J.: 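There's a structure below that I have some questions on.
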Amino acid sequence: MALMRFTFTEVFHHRAYQLMMLACLLLPWLMLVPMSLFLLDLGKVLADLLFTTEHMMLAGFVFFMALPLMARDIEQKVCHLLLSVPMSRSTYLLSRYLGMAAAMLPLTGLLLLSSAAAFVFVAYQWPDYTTLDLAWGVPLGEMLLLLPYLALLGALFLIVVLASGSSESMVFLFSVWLLSWSVPPVLEALMRPEVAAKMPHGLFVLVQALEYMLPDLSSARLSLDVAHAHWPAPEMLLAYACEHLSYAGIALILAMLRFERRDLA
Amino acid sequence: MALSRLGLLLLLIPLFVWSHARLPHGSGSPPAPEMARDWDQRSELLHGMLAGPVPGFWADAAILQLFNVFDAARYTKGELRRRWWRELAYLLHEALSLDPRFRDGLRLTEGLLGYEPGFTEEAVDMLEQFGPNVASGEYLLVASFLAHVELHQTERALHLAAMAADKPDVGSLAQGFAAKLLLQHHGCKAALAFLEYRKSRMPQAYADQLQSRIERMRKDPACQKEATHDNVRPAFTNGSEAGTPS
């Protein structure tokens, strides 16, 4: 618990993190400028812009705050200082994970509140081009978009304990992120009957296996549904939450198993 | 040392400003397309991969790019004009394939692509494919109108009008139009009234295509002849009059 609080404080006092918090407050209002260029679907366009902002913010957090901190801990042996107190390696990893996951919450919370306020403003300013339902629908959608990044954070911990240094960790994490970004649309296309008929079955199985191994960052359908004020079915939301949380749990347990045996000398 | 650094700084700042102002990104217009891009299954897959978890944003970006392309396409003539319009059609395909419920994409498909000679059939195909995804039936109704007046495909027009008639907002209008088709009372007056109605629903800056189509129709000798003989009130002046076959 103490290390979790320490991790949160360590991240919170970074100037980059404080700038990100400020950006989360201001960006929803700045997004009104590109939104006003469109003709009809103003609410939908604002929702798209806010979801993209959240993806960029959370990916930035994982790549430029969480990854350097963990890589430094292991590469520069900072973790020795923390492991010298009676604390198991697994507890160390879990506390670090929970601290970083907790540090994502203020970012998402500020973005969520600012987005809700921006949507209320848009709904009163241009009532014919949006609906007030988006003022609560989009912030809820933003909360759901946090889940894939908890899974990516789990993948980051697994990569960091497997890799030899920060450069290697960055390359592997970027590869995972890139594949997670692009594989789901490919798989969706391959599942179409006209494409599946022309493709060797082995390739299909390979792509499907790859999709299971990677965190599912593609919340594309959910984002589109929420942006069009169509709230997904509760069972779909439950499956979505379970998928990401279980992926994060699996990656973290594998990381703990590997970290227990890793030579830190 | 300090003075030489200051002197160098004073020299480099104007140099930077001078060179920055001369770079092509200052002009604001997109480069002319060197070759026409056709939308196919591979393009759909590629854009799906690039868009990843933010297809809505990617569709919005395609529409923003389309505004620039339209600005260049409207004043270009000849072969280059065709390439610009091909590019515009590609961007509309991109926006609608990534977000099939995007009403701005549908509105621009009917308002711009639908009235450009040589692209009407493609616009009708797109409206037929994506129109059923939105709650409003106006896009299917326009597709029906375009299929009848521009493509002379009456059976297809009837099919699209029937699809539009299922939607609550344009039900009576679609039925009126379908009835007109069936009764073969689809002269220039009805077509002109319909075009004026659609023009009234477009922002002024994007109504040029519709206006030029209206003017072409008004200059048509057959329409001028009809205007002198026929005093029947148009059916598409507003929603309340729609559905009353003349």
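Order of the sequence lines fixes the chain letters, A, B, ..., with proteins taken first and strands second; residue numbering starts at 1 for each chain. Fair warning: this is a prediction, and the values are worked out from it, not measured in the lab.
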J.: Pairs under 3.5 angstrom only: tabulate donor-acceptor contacts from the side chains of residues 100-114 of chain A to other protein residues two or more places apart or in another chain.
T.:
from	atom 1	to	atom 2	distance (Å)
A:Thr108	OG1	A:Met104	O	2.9
A:Ser114	OG	A:Leu25	O	2.6
A:Ser114	OG	A:Trp29	NE1	3.2

J.: Are more than 12 heavy atoms from other residues, nucleotides or ligands located less than 6.0 Å from atom CZ of B:Phe57?
T.: no
J.: Just wondering, do A:His230 and B:Arg101 contact through their side chains at under 4.5 Å, heavy atoms?
T.: yes
J.: Side chains of B:Leu64 and A:Phe38: closer than 4.5 Å at any heavy-atom pair?
T.: yes
J.: Counting C-beta onward and ignoring hydrogens, is there a side-chain heavy-atom pair between B:Phe102 and A:Val45 closer than 4.5 Å?
T.: yes
J.: Go through the atoms of A:Ser223 and report whether side chain, backbone, both or neither lie under 4.5 Å from a heavy atom of chain B.
T.: side chain
J.: Rounded to the nearest 0.5 Å, how far does CG of B:Asp104 lie from CG of A:Asp41?
T.: 5.5 Å
J.: Starting at CG of B:Asp99, measure out to NE2 of A:His228 and round the result to the nearest 0.5 Å.
T.: 3.5 Å
J.: Going by heavy atoms in the side chains, are A:Lys44 and B:Asp60 under 4.5 Å from each other?
T.: yes
J.: Measure B:Leu98 against the heavy atoms of chain A and call it side chain, backbone, both or neither at under 4.5 Å.
T.: backbone
J.: Can you tell me if A:Met143 has over 12 outside heavy atoms packed within less than 6.0 Å of its CE?
T.: no
J.: Starting at CG of B:Leu108, measure out to CG of A:Leu40 and round the result to the nearest 0.5 Å.
T.: 8.5 Å
